[in-house]
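Nothing here was measured: the structure is a model prediction, and the numbers come from that model.
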Amino acid sequence: MSFDNLCKLLAEKHPERFAAWLLGEEVTSTIEVLKTELSIEPIRADSVTFLKTSDRILHLEFQTIWTSDPPIPFRLLDYWVRLYRLYRSSITQIVIVLLPPSEGMTIENFFEEESTRHEFQVVKMWEQDPDPFLHDPVLLPFAALTRTQNPDQLLNRIVQQVAEIPETEERREVSSYVQLMAGLKYDKDRIHRLFREDMMRESVIYQEILQEGEERGLLQGQRSLILRMLEQKIGLPSQQERDRISTLNLEQLGNLAIALLNFSSQTDLEVWLAEQN
């Protein structure tokens with residue numbers, strides 16, 4: 001799934017949450033998703049969604065970049081005219097810009113040509129407070145694009161919020177959505193590694209290592225299990241590496257079980273063991 005399809009999917013699957021977020025108030029009336037594309041001729045946009053409340057149409061458009069042909073302000077005017085012609089209803093148009101524009105580019109919230117002026121709203125994700133997104137599973141996929149001075153801390157908070165979703169299937173779904181959206185801004189390998197580590201901590205193998213070690217205080221069985229996992233992943237460790245693994249404590253064994261998911265060669269194991277000194 002591409003990010004633009006994801007934005008459209010989320011907005012149409014949870015229209016009440018998106019309306020509440022963008023209008024700043026809970027919508028008590030039923031929201032209808034308008035499927036019409038309003039196309040006289042093709043107009044390309046990253047993601048366009050039309051939501052209709054009892055007295056208003058909410059036109060949402062998600063964009064990664066501001067440059068467009070035709071320009072976004074003109075396109076918003078074009079959509080407004082078509083919507084009003086069809087529905088004769090109040091219309092709120094909001095463009096959610098996911099990524100900052102290139103240096104020197106100005107984001108304008110209006111179209112103006114001689115005596116014609118049309119205004120709309122712009123939401124810049126990089127200026128948004130992350131907290132409302134972190135505490136709402138529906139909006140959580142957008143959290144990685146919000147304001148932060150410490151990306152690592154933000155990403156770790158997002159991983160933690162995903163892990164706290166109680167229902168397994170929902171957690172997996174939100175996790176995949178979060179990783180897709182975060183990949184627009186952050187290195188994809190870094191994102192996947194964070195979530196693989198989190199999933200590994202919930203796995204049977206990791207829990208077995210912790211539980212048996214805590215209950216009986218015996219490490220030998222856990223070390224043997226780690227050696228088998230390493231052999232399957234990168235081949236049998238050298239005698240020197242096995243000797244080093246035999247000195248690892250319970251916590252280090254658990255961390256090694258997580259780290260080996262990313263190992264591709266014996267060198268990765270050597271580096272990891274060296275870092276434990």
In Å, rounded to the nearest 0.5 Å, how long is the span from [atom1] of [X] to [atom2] of [Y]?
X	Y	atom1	atom2	result
I107	I72	CD1	CD1	8.0 Å
L273	Q252	CG	CD	9.5 Å
L23	F18	CG	CZ	12.5 Å
I57	S90	CD1	OG	9.0 Å
K52	T30	NZ	OG1	11.5 Å
C7	Q63	SG	CD	10.0 Å

Are [X] and [Y] close enough that some pair of their side-chain heavy atoms sits under 4.5 Å apart?
X	Y	answer
T247	R244	yes
L256	W272	yes
Q93	I91	yes
I191	L155	yes
F62	V48	no
F50	Y79	yes
R56	T92	yes
L51	L60	yes

Taking all non-hydrogen atoms of both residues into account, name the closest pair between [X] and [Y] and its distance.
X	Y	answer
L236	Q266	O-NE2, 3.2 Å
K185	L99	CB-CD2, 4.3 Å
P151	Y186	CB-CE2, 3.5 Å

My understanding is that only residues two or more places apart in sequence, or in another chain, count here; which of them pass side chain to side chain contact (heavy atoms under 4.5 Å, CB included) with P237?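 In terms of side chain to side chain contact (heavy atoms under 4.5 Å, CB included), with neighbours along the sequence ignored, P237 is linked to L227, L230, E241, R242, L269.
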R88: partners by salt bridge (charged side-chain N to carboxylate O under 4.0 Å, His left out), with sequence neighbours left out: none
Just to verify, what does E231 make a salt bridge (charged side-chain N to carboxylate O under 4.0 Å, His left out) with, not counting sequence neighbours? none
Under a single-linkage definition using a 4.5 Å side-chain heavy-atom cutoff for Ile, Leu, Val, Met, Phe, Trp and Tyr, are [X] and [Y] assigned to the same hydrophobic cluster?
X	Y	answer
L184	Y177	yes
F120	F74	no
I94	M181	yes
V97	I65	no

Does atom CD of Q239 have more than 12 heavy-atom neighbours, drawn from other residues, nucleotides or ligands, at distances under 6.0 Å? yes
Got a salt bridge between E173 and K13, using NZ or NE/NH1/NH2 to carboxylate O under 4.0 Å? yes
Indicate, with yes or no, if the rings of H118 and F110 have centres closer together than 6.0 Å. no
Can you tell me if Q179 and S175 form a side-chain donor-acceptor pair at under 3.5 Å? yes
Full working for side chain to side chain contact (heavy atoms under 4.5 Å, CB included) between L34 and Y87: CA-CA 11 Å; L34 302 179; Y87 298 102; 3.8 Å; yes
Output all residues satisfying ring pair (Phe, Tyr, Trp, His ring centres under 6.0 Å) with H14, sequence neighbours left out; order by chain, then residue number. none
Dump the intermediate steps for side chain to side chain contact (heavy atoms under 4.5 Å, CB included) on T67 and M105, then the final yes or no. CA-CA 9 Å; T67 55; M105 179 173 292; 3.1 Å; yes
Give a yes/no verdict on a cation-pi contact between R117 and F111, requiring under 6.0 Å between NZ or CZ and the six-membered ring centre and an angle within 45° of the axis. no
If you look only at distance, which donor and acceptor atoms sit under 3.5 Å apart when one is on a side chain in residues 122-147 and the other is two or more places apart or in another chain?
unit_1	atom_1	unit_2	atom_2	d
Q128	NE2	K124	O	3.2
D129	OD1	D131	N	3.1
D131	OD1	R157	NH2	2.9
H135	ND1	D131	O	2.8
D136	OD1	V138	N	2.9
D136	OD2	R17	NE	2.7
D136	OD2	R17	NH2	2.3
T146	OG1	A143	O	2.5
R147	NH1	E127	O	2.8

The criterion is side-chain hydrogen bond (donor to acceptor under 3.5 Å, both in side chains); which residues satisfy it with D268, sequence neighbours excluded?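 Scan of D268 (side-chain hydrogen bond (donor to acceptor under 3.5 Å, both in side chains), adjacent residues dropped) gives S264.
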V95 and L76: CA distance, side-chain angles, deciding distance, side chain to side chain contact (heavy atoms under 4.5 Å, CB included) verdict: CA-CA 9 Å; V95 181; L76 270 286; 3.9 Å; yes
V162/V178 under side chain to side chain contact (heavy atoms under 4.5 Å, CB included): CA gap, chis, key distance, verdict: CA-CA 9 Å; V162 172; V178 166; 4.2 Å; yes
